[in-house]
Amino acid sequence: MSSLPGQFSDPRVITLVGLLAVSTAVWVALSLRSRARRARAEAPLERVWHPQETLQLTHAEEQAFGQVVSRLSVGSAGRLR
């Protein structure tokens, strides 16, 4: 590597410029990531259609569903088992 002329040949100046460049890149990356996260959080969730919204369940289907739900229990971490 050829040496830079004048005051830019001082390793402290090169280190300072490098640190400024790295910190600026990190700051820009984090701010863009934060802005994207905020924009995503403000967007409304897309509504998902479910067949039960328009179809009535038969008595047998309701009982089967109730049996499945009754077998579910909350685990130690708050998750369904």
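All values below were derived from every heavy atom in this structure, side-chain atoms included, with hydrogens, water molecules and symmetry-related copies excluded.
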For Arg35, check salt bridge (Lys or Arg N to Asp or Glu O under 4.0 Å) against everything at least two apart and list the hits.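 Applying salt bridge (Lys or Arg N to Asp or Glu O under 4.0 Å) to Arg35 gives none.
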Rounded to the nearest 0.5 Å, what separates atom CD1 in Ile14 from atom CG in Leu19?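 The CD1 atom of Ile14 sits 12.0 Å away from the CG atom of Leu19.
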State the CG-CZ distance between Leu32 and Arg37, to the nearest 0.5 angstrom. 12.0 Å
List, by chain and then residue number, the residues other than Leu16 in its hydrophobic cluster (Ile/Leu/Val/Met/Phe/Trp/Tyr, side-chain heavy atoms under 4.5 Å); write none if there are no others. Leu20
Return yes if some donor-acceptor pair links the side-chain N/O of Glu62 with the main-chain N/O of His59 below 3.5 Å, else return no.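 No: the side chain of Glu62 does not pair with the backbone of His59.
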